[in-house]
Amino acid sequence: MTKPRKSQVMKPATAAEKLDVYLPATPREFQEGMVSREELDELQRNPPQWLADLRRDGPHPRNVVAARLRVSNSGLARAGITEALTTAQIAALAADPPEWLLRERETFAQTRREEQRLRERRADGDRAHRTASR
């Protein structure tokens with residue numbers, strides 16, 4: 001006879017990270033309780049109003065701010081952006097980008113190009129290795 005499986009639970013911070021929301025902006029009951037895997041799946045499938053509002057308007061966590069501005073998390077830190085930003089604040093920065101944002105976007109784009117070049121180089125090397133070993 002097998003034991004019934006216990007549901008996996010996670011801390012609110014982990015669940016907020018998986019939902020791409022800023023934990024301090026979530027409802028108190030979300031912040032104070034544990035979240036089961038099933039509850040997380042349900043939140044992702046059928047987001048309640050508070051979650052839809054947070055995803056739309058923010059405030060957004062660092063990784064979301066960085067992605068929306070097309071910069072790295074490190075780029076945000078270099079610019080001194082340490083707090084969560086709302087969608088309106090992100091849109092304002094994007095509409096009239098300061099010098100640091102233009103510079104960080106270029107740095108981020110260069111990094112992405114270099115990562116892509118290395119991936120292609122490794123893939124070419126792997127193909128050459130497989131061909132040579134036949």
Which heavy-atom pair separates [X] from [Y] by the least distance, and what is that distance?
X: His60; Y: Ile90; value: CD2-CD1, 3.7 Å
X: Gly33; Y: Pro12; value: O-CG, 2.8 Å
X: Ala25; Y: Leu54; value: CB-CD2, 3.5 Å
X: Ala94; Y: Pro97; value: O-CD, 3.5 Å

Response to the item:
Separation between OG1 (Thr111) and CD (Gln116), nearest 0.5 Å, reads 13.5 Å
Item to complete: Drop me the distance from Asp57's CG to Gln89's CD, to the nearest 0.5 angstrom.
Response: 11.5 Å
Given side chains that start at C-beta, do those of [X] and [Y] come closer than 4.5 Å, heavy atoms only?
X: Pro61; Y: Glu17; answer: no
X: Leu43; Y: Pro48; answer: yes
X: Leu85; Y: Leu93; answer: yes
X: Val35; Y: Phe30; answer: yes
X: Val65; Y: Arg62; answer: no
X: Met10; Y: Arg37; answer: yes
X: Arg68; Y: Thr87; answer: yes
X: Arg78; Y: Ser72; answer: yes

Worksheet item: Taking a hydrophobic cluster as the set of Ile, Leu, Val, Met, Phe, Trp and Tyr residues connected by side-chain heavy atoms closer than 4.5 Å, whether directly or through intermediates, do Val64 and Leu76 fall within one such cluster?
Response: no
Practice prompt. Flag yes if Leu40 and Trp50 sit in one hydrophobic cluster, no otherwise; membership is Ile, Leu, Val, Met, Phe, Trp, Tyr, and two members link when side-chain heavy atoms are under 4.5 Å apart.
Written response: yes
Discussion item. Quick check against the 3.5 Å criterion: does Gln31 have a side-chain atom that pairs as donor or acceptor with the backbone of Leu23?
Written reply: yes
Worksheet item: Looking only at atom types and distance, does a side-chain atom of Arg105 sit under 3.5 Å from a main-chain N or O of Leu69, one as donor and one as acceptor?
Response: yes
Practice prompt. Answer yes if the side chains of Asn73 and Asn63 hold a donor-acceptor pair under 3.5 Å, and no otherwise.
Written response: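 The answer is no; no qualifying pair exists.
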N-O pairing of [X] and [Y] below 4.0 Å:
X: Asp124; Y: Arg121; value: no
X: Glu106; Y: Arg113; value: yes
X: Glu42; Y: Arg45; value: yes

Discussion item. Working note: Glu114 + Gln110, criterion side chain to side chain donor-acceptor pair (under 3.5 Å); need CA distance, chi angles, decisive distance, verdict.
Written reply: CA-CA 6 Å; Glu114 180 64 10; Gln110 287 174 351; over 6 Å; no
Discussion item. Using side chain to side chain contact (heavy atoms under 4.5 Å, CB included), reason through Asp20 and Arg55 one step at a time and then give a plain yes or no.
Written reply: CA-CA 8 Å; Asp20 276 336; Arg55 286 178 168 170; 5.6 Å; no
